[in-house]
Protein chains: 2
Amino acid sequence: MPADETTQRPSPLTERQEARRRRILHASAQLASRGGFDAVQMREVAESSQVALGTLYRYFPSKVHLLVATMQDQLEHMHGTLRKKPPSGERPAERVAETLMRAFRALQREPHLADAMVRALTFADRSVSPEVDQVSRQTTAIILDAMGLTDPTPEQLSAVRVIEHTWHSALITWLSGRASIAQVRIDIETVCRLIDVTDPRRPSG
Amino acid sequence: MPADETTQRPSPLTERQEARRRRILHASAQLASRGGFDAVQMREVAESSQVALGTLYRYFPSKVHLLVATMQDQLEHMHGTLRKKPPSGERPAERVAETLMRAFRALQREPHLADAMVRALTFADRSVSPEVDQVSRQTTAIILDAMGLTDPTPEQLSAVRVIEHTWHSALITWLSGRASIAQVRIDIETVCRLIDVTDPRRPSG
DNA sequence: CGCTAATCTAGAACAAGTTTCAGACTTGAT
DNA sequence: ATCAAGTCTGAAACTTGTTCTAGATTAGCG
């Protein structure tokens with residue numbers, strides 16, 4: 001597969017560039033933690049990461065790109081954390097619900113950061129598709145991990161996609177104050193039933 | 001229930017005010033149809049609806065408010081259209097999937113308008129909660145209509161919420177070019193299986 | 001009709017995302 | 001060490017959402 005402009009691998013960064021990138025992502029997460037999406041102001045990110053505004057834009061071509069990259073960063077971290085303590089439920093549906101609720105609790109500890117990342121993710125337009133896709137793949141991996149599957153059927157993949165849809169949208173309703181934590185939990189548990197329905201070992205699946 | 005500031009009924013508008021409001025919503029939908037969220041620029045909306053910018057902001061306190069109101073408007077219209085030709089499937093799950101696919105086809109005819117409305121809806125923050133809630137209630141009504149239910153159980157309501165989550169999020173993935181029309185259809189059909197699972201007439205529900 | 005409060009208009013001003021540019025600094029190759 | 005190409009900086013400019021102001025218009029009322 002030839003590398004087109006949306007797939008090309010980033011040319012390797014020098015040490016200083018890598019350091020700049022990390023400073024930027026750190027500043028972004030820090031500002032987001034304080035006041036959510038609106039508090040991440042590009043001039044402030046540039047200033048607190050000691051980088052010129054133009055440079056910030058060279059690394060991340062828009063605020064949404066920056067916040068989606070911040071999310072990638074946090075997700076990787078979370079996937080690592082989740083791996084250490086695998087979910088304890090017996091049935092796959094239980095394990096997935098447990099995993100998502102654990103992630104949800106982590107987000108509740110930094111609601112502003114969650115706000116910034118999730119809003120950026122759903123507001124992203126086509127120019128951010130590759131990055132958003134990457135986040136989606138990572139999320140899929142987390143869910144499949146929890147299910148204990150390495151070789152899902154197309155039906156199961158569809159169920160996983162629906163779970164991801166529900167996860168994102170439920171987060172948004174919670175973040176905008178239209179749903180309680182309890183309601184998010186119920187919705188997650190409800191959608192996880194699809195895992196049972198699409199389990200090929202089930203007779204009626 | 002006392003009317004607080006978020007619930008208070010709007011004082012009745014004069015005829016000219018009603019006309020202004022309609023002109024604004026019309027201009028908003030028109031610009032959105034051309035170029036989506038970005039093409040709805042407040043100065044342009046004001047100009048093409050022959051209203052001063054300040055007046056536009058008096059009617060709709062932000063661009064997101066305006067677009068969510070535009071969505072309310074379109075949804076009402078769609079609910080009316082859908083009522084005329086009720087879905088033909090036998091099982092509730094089929095009828096809901098059919099209804100949503102019909103709505104989806106309508107959106108495909110105006111993808112830019114869909115983009116503007118859906119992006120506004122998911123980007124809306126707490127200040128728009130009442131309006132977004134209204135849209136959500138309207139969507140719930142459409143789905144319950146299709147199910148043929150007037151008295152849903154809490155479990156069924158949860159399934160409906162999950163269907164709405166999937167609907168919004170699947171639309172977003174389609175609008176941002178990350179999912180095909182076929183994939184949206186599959187996701188809708190998949191999530192609609194929850195209707196069977198939560199049907200109280202089923203033994204294992 | 002004539003008054004008062006509310007509403008509307010035009011336009012300036014402000015805020016934050018984004019772009020641009022000239023000049024200084026790094027990097028990599030020779 | 002030196003040169004060319006690429007990168008970074010600081011600052012200004014531009015765009016679009018939002019706010020503000022002063023004056024004109026309108027609506028409701030006696």
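Chain identifiers are assigned alphabetically (A, B, ...) following the order of the sequence lines, protein sequences preceding nucleic acid strands; residue numbering begins at 1 within each chain.
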N-O pairing of A:Glu98 and A:Arg102 below 4.0 Å: yes
Hey, which of these two, B:Thr55 or A:Met42, hits DNA chain C nearer its 5' end, going by closest nucleotide? B:Thr55
Nearest whole Å is fine: how far is C:dA16 P from A:Phe37 CZ? 13 Å
Mind calculating the distance between NE2 (A:His65) and P (C:dT19) to the nearest angstrom? 11 Å
Rounded off to whole Å, could you give me the CG-to-P distance for the A:Leu53 and D:dC14 pair? 16 Å
Please work out if A:Gln50 contacts a base, only the sugar-phosphate, or nothing of the nucleic acid, heavy-atom cut-off 4.0 Å. sugar-phosphate
Between atom OH in B:Tyr57 and atom P in C:dA10, what is the gap in whole Å? 16 Å
Which whole-number value in Å describes the distance from A:Leu56 CG to D:dA11 P? 17 Å
Does a side-chain N or O from A:Gln17 land closer than 4.0 Å to OP1 or OP2 of D:dC8, or not? yes
Pair B:Arg22 + B:Asp73: basic N to acidic O under 4.0 Å: yes
5′-ward residue of the pair B:Arg20/B:Gln41 relative to DNA chain D: B:Gln41
How close or far is atom P of C:dA16 from atom CG of A:Asp38, stated in whole angstroms? 9 Å
Over how many whole Å does the gap from A:Phe123 atom CZ to D:dG17 atom C1' extend? 12 Å
Does a side-chain N-to-carboxylate-O contact under 4.0 Å join A:Glu155 and B:Arg193? yes
Charged N to carboxylate O under 4.0 angstrom, B:Arg43 versus B:Glu47? no
Side chain of A:Arg43 only, please: which of C:dA16, D:dT18, C:dT9 is the nearest? C:dA16
Starting from the 5' end of DNA chain D, give me the residue, B:Lys63 or B:Thr14, whose nearest nucleotide shows up first. B:Lys63
Contact class for B:Val40 (heavy atom, under 4.0 Å): base, sugar-phosphate, or nothing? sugar-phosphate
Between C:dA16 (C1') and A:Leu67 (CG): distance, integer Å: 14 Å
Centroid-to-centroid, B:Phe123 to A:Phe37, below 6.0 Å? yes
Check every strand shown and say whether B:Arg58 touches a base, only sugar-phosphate, or nothing at a heavy-atom separation below 4.0 Å. sugar-phosphate
Base, sugar-phosphate alone, or nothing: which one does B:Phe60 contact when heavy atoms must sit under 4.0 Å apart? nothing
